[in-house]
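Below is one structure, written out as structure tokens; the observations come after it.
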Amino acid sequence: MSESVLLSLSNVGVSYGPVQALSEVTLQVKQGEFIALVGANGSGKTTLLQAMHGLLPLSGQRVLTRGCGRQVMVFQRPFLLRLSVWRNVWLALCLAGVPRGERSARVDEALQRVGLASLRGRPARALSGGQQQRLALARAWSLRPAILFLDEPTASLDPSAKQEIETLLAGFKAAGLTLIMSTHNLGQAKRLASRVIYLDRGKIGADLPCADFFKEHGQGARLELFLKGELRWDL
Ligand SMILES: Nc1ncnc2c1ncn2[C@@H]1O[C@H](COP(=O)(O)OP(=O)(O)OP(=O)(O)O)[C@@H](O)[C@H]1O
């Protein structure tokens, strides 16, 4: 894996009025990593994704490496337009300024990749939840991002749709994409991620290679409880 840094945060804080959602966050994202963000409800995962993506005002420093490339975010519930599957991807390429001559081939390739080529003419909003998420991934993939942010991408899906999305994400990783995903599913983090960042009340509680994160010893007491599913909100 190349060690080139794409994005760094230095002593970053984010607050919503009186709520300090993130504080003292320092990290670097390297090319080709698959980072899972885990932590209890309200620990700051979505806020960190949005801060990394540049969607929120923050204190501290966020630096994108020059020439880092495009960043795209996929949400838990994809926002799809009242258009066909094919047009939803095509329009994203249009808005991103991809030259007209390249668009069709890129849409076709992306739909093929996620297994939706045969549904290209369907209204996007008539797809199942799993298919809609695959369409959101096709749209993201077609933009050829350098970094893909994913906010609980399988949270509302059934087990087989979850598995399909995991397979696609593993394929994205194998193709060299850098991925950063929040998840409540520790099994999913274990299966997909190369690195796990554990957020605890807005701060980084652990930032480890995946295999080290899931070792049963040497963790802080709160992380041990979190891993066992026994972390109470008031502890
Ligand atoms: N728009 C907002 N206005 C005020 N407070 C907010 C807002 N968004 C998030 N917060 C607060 O910021 C903190 C972090 O929230 P965030 O959604 O980032 O956590 P999370 O780890 O993604 O949670 P979950 O797992 O429940 O999705 C929480 O205390 C939350 O209530």
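Note that ligands are numbered from 1 as they come in the structure, with each ligand's atoms numbered from 1 the same way. Everything numeric in this text was worked out from a predicted model, so none of it was measured.
- Within a 6.0 Å radius of CD in Q20, other residues, nucleotides and ligands contribute more than 12 heavy atoms.
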What are the distances between nitrogen or oxygen atoms of ligand 1 and protein nitrogen or oxygen atoms, counting only those under 3.5 Å?
{"residue": "ligand 1", "atom": "18 (O)", "partner": "T47", "partner atom": "N", "Å": "2.9"}
{"residue": "ligand 1", "atom": "18 (O)", "partner": "T47", "partner atom": "OG1", "Å": "2.5"}
{"residue": "ligand 1", "atom": "19 (O)", "partner": "G44", "partner atom": "N", "Å": "3.2"}
{"residue": "ligand 1", "atom": "21 (O)", "partner": "S43", "partner atom": "N", "Å": "3.2"}
{"residue": "ligand 1", "atom": "21 (O)", "partner": "S43", "partner atom": "OG", "Å": "3.4"}
{"residue": "ligand 1", "atom": "21 (O)", "partner": "G44", "partner atom": "N", "Å": "3.0"}
{"residue": "ligand 1", "atom": "21 (O)", "partner": "K45", "partner atom": "N", "Å": "3.0"}
{"residue": "ligand 1", "atom": "21 (O)", "partner": "K45", "partner atom": "NZ", "Å": "2.8"}
{"residue": "ligand 1", "atom": "22 (O)", "partner": "T46", "partner atom": "N", "Å": "2.9"}
{"residue": "ligand 1", "atom": "22 (O)", "partner": "T46", "partner atom": "OG1", "Å": "2.9"}
{"residue": "ligand 1", "atom": "23 (O)", "partner": "G42", "partner atom": "N", "Å": "2.8"}
{"residue": "ligand 1", "atom": "25 (O)", "partner": "N41", "partner atom": "ND2", "Å": "3.2"}
{"residue": "ligand 1", "atom": "25 (O)", "partner": "K45", "partner atom": "NZ", "Å": "2.7"}
{"residue": "ligand 1", "atom": "25 (O)", "partner": "H184", "partner atom": "NE2", "Å": "2.7"}
{"residue": "ligand 1", "atom": "26 (O)", "partner": "N41", "partner atom": "ND2", "Å": "2.8"}
{"residue": "ligand 1", "atom": "27 (O)", "partner": "E152", "partner atom": "OE2", "Å": "3.4"}

Take I204 and L199 through the side chain to side chain contact (heavy atoms under 4.5 Å, CB included) test and state the conclusion after the steps.
-> CA-CA 5 Å; I204 293 182; L199 284 174; 4.0 Å; yes
Are N185 and R191 close enough, and set up right, to give a side chain to side chain contact (heavy atoms under 4.5 Å, CB included), and what steps lead you there?
-> CA-CA 10 Å; N185 184 331; R191 284 188 292 278; 4.1 Å; yes
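- Residue K203 places its NZ atom among 12 or fewer non-hydrogen atoms of other residues, nucleotides or ligands, all under 6.0 Å distant.
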For residues 44-53, please give each side-chain donor-acceptor pair under 3.5 Å, one per line with the distance, not counting sequence neighbours.
{"residue": "K45", "atom": "NZ", "partner": "G39", "partner atom": "O", "Å": "2.9"}
{"residue": "K45", "atom": "NZ", "partner": "A40", "partner atom": "O", "Å": "3.0"}
{"residue": "T46", "atom": "OG1", "partner": "D151", "partner atom": "OD1", "Å": "3.3"}
{"residue": "T46", "atom": "OG1", "partner": "D151", "partner atom": "OD2", "Å": "3.1"}
{"residue": "T47", "atom": "OG1", "partner": "Y16", "partner atom": "OH", "Å": "2.8"}

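- Shown here for R70 and A96, the closest heavy-atom pair between the two residues is NH1-CB, 3.5 Å.
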